Amino acid sequence: MNIPAKIQFILLLCSTWALNSHAQNKDRQMEKLIKKNMMFAAHQYKLLAKNTPADKMPRNFSEEKQTLETSNTSWWTSGFFPGSLWFIYEYTRDSSIKLEAEKRLAILEKEKYHSSDHDLGFMIFNSFGNAFRITGEPKYKNTIITAAETLAKRYRPSIRAMQSWNAGNGFAAPVIIDNMMNLELMCWSADEIREPLFKIIAITHANTSLREFYRSDYSAYHVVDFDLEKGKVRAKLTAQGSHPESAWARGQSWGLYGFTMMYRYTQEKSYVDHARKIARFILDHPRLPKDKIPYWDYDAKDIPNTYRDVSAAAILASALLELARYVEADERAEYLHVARTILINLSGKKYRSKKAGNGGFLLRHSVGALPYQSEVDVSVTYADYYFLEALMRYKNWLDQ
Ligand code: GLY
């Protein structure tokens, strides 16, 4: 059947209009979802602040026991509460949220000298980094630079990496995949004060991680233990995963986020190529559930009768929203679609706290360290933090 040219033209106009209006509706739906979550977050985090003594940070909330656990500022998660407050302030401009963030930074600042493990990136960059980005206050920058100087001392030339934990518990010089996340503190500081050494350390560490942590399917070991004298790998194993050869879910998300971030600071193609391969491992995984909220370990023995890890999902969404900037259109569309799916699902009843629930945390159902029965199926600050970061990153996509 021959359709006259005029009708063909009208049909083309109609379908273009339909596609555009569908895309616009989707965007409006996400705009609304972001706004609702940010308003909810402002409400919840005021409650969380009230529930948390002034010299402590919130750590987790158990729904089963209805208990809030707090921590000292020396615990690895201490930067996430103030960091989240800064995201909420950035969106809402609520001055009481800003005041709370400033108070929590004041108790956290001493950790710029924290030298007993590698967690300074999490503690200082996610908190003071956001504070500096949003306010431009020079005092925040000074804290970050001091923290980078402290972290640089954990660099071990013989293994070409920063040692994550001290020797003990059967480990000699353990490095964990999570350490990729601390490299942003080093890269940012290097660029800010033109100190190439910090960036050299970060790049060297990333290259060692790329070489030593990844299996042929682009899943990562959790821990690589080194022999400092011989400068060699002693063992590849796990601490928080199901078993040594398993793919611990949060570790896969840390790696994806870390290599994507390293590409931003270096423009080194091997990092973005590697991140894309990690993304394939995750997104094509037969045991990644339809709602894209991973089980706590992709190789957990009792899937599907085991826990999800919402923190792994939130980090994954945030990482994909950055990786989407560095790839071609089809891949970009896929990453944005998965991130959107995660954000929508995390905003639903199954994964988001009830209003005034969970002590003020935003999200439910994360897993800290199941092999130690520690923080299993609870709310944690880092899930909230990366959820908020992902919402802000999605907003940036909508605003551009
Ligand atoms: N070490 C940080 C984590 O549990 O992911």
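Note: hydrogens, waters and symmetry copies are ignored here, and every other heavy atom, side chains too, is used. All values derive from a computational prediction rather than experimental measurement. All ligand and atom numbering here is 1-based and tracks the order in the structure.
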> Tell me: protein heavy atom nearest atom 1 (N) of ligand 1, and distance?
Replying inline: Asp178 OD2, 2.8 Å
> Relative to the ring of Tyr257, is the ring of Tyr386 parallel (under 30°), tilted (30 to 60°) or perpendicular (over 60°)?
Replying inline: perpendicular
>> Centroid separation under 6.0 Å, is that true for the rings of His205 and Tyr155?
In response: no
> Which atoms from ligand 1 have a heavy atom of Gln240 less than 4.0 Å away?
Replying inline: 3 (C), 4 (O)
> Contact between Trp254 and ligand 1, counting heavy atoms under 4.0 Å?
Replying inline: yes
> Ring centroid separation for Phe122 and Trp254, is it under 6.0 angstrom?
Replying inline: yes
> Which is it for Trp76 and ligand 1 at heavy atoms under 4.0 Å: side chain, backbone, both or neither?
Replying inline: side chain
> Applying a strict 4.0 Å limit to heavy atoms, is Trp248 in contact with ligand 1?
Replying inline: yes
> Of the protein's non-hydrogen atoms, which lies at the shortest distance from atom 5 (O) of ligand 1, and what is that distance?
Replying inline: Arg250 NE, 2.7 Å
> Relative to the ring of Tyr271, is the ring of Phe259 parallel (under 30°), tilted (30 to 60°) or perpendicular (over 60°)?
Replying inline: tilted
> How are the rings of Tyr298 and His285 set to each other: parallel, tilted or perpendicular (split at 30° and 60°)?
Replying inline: tilted
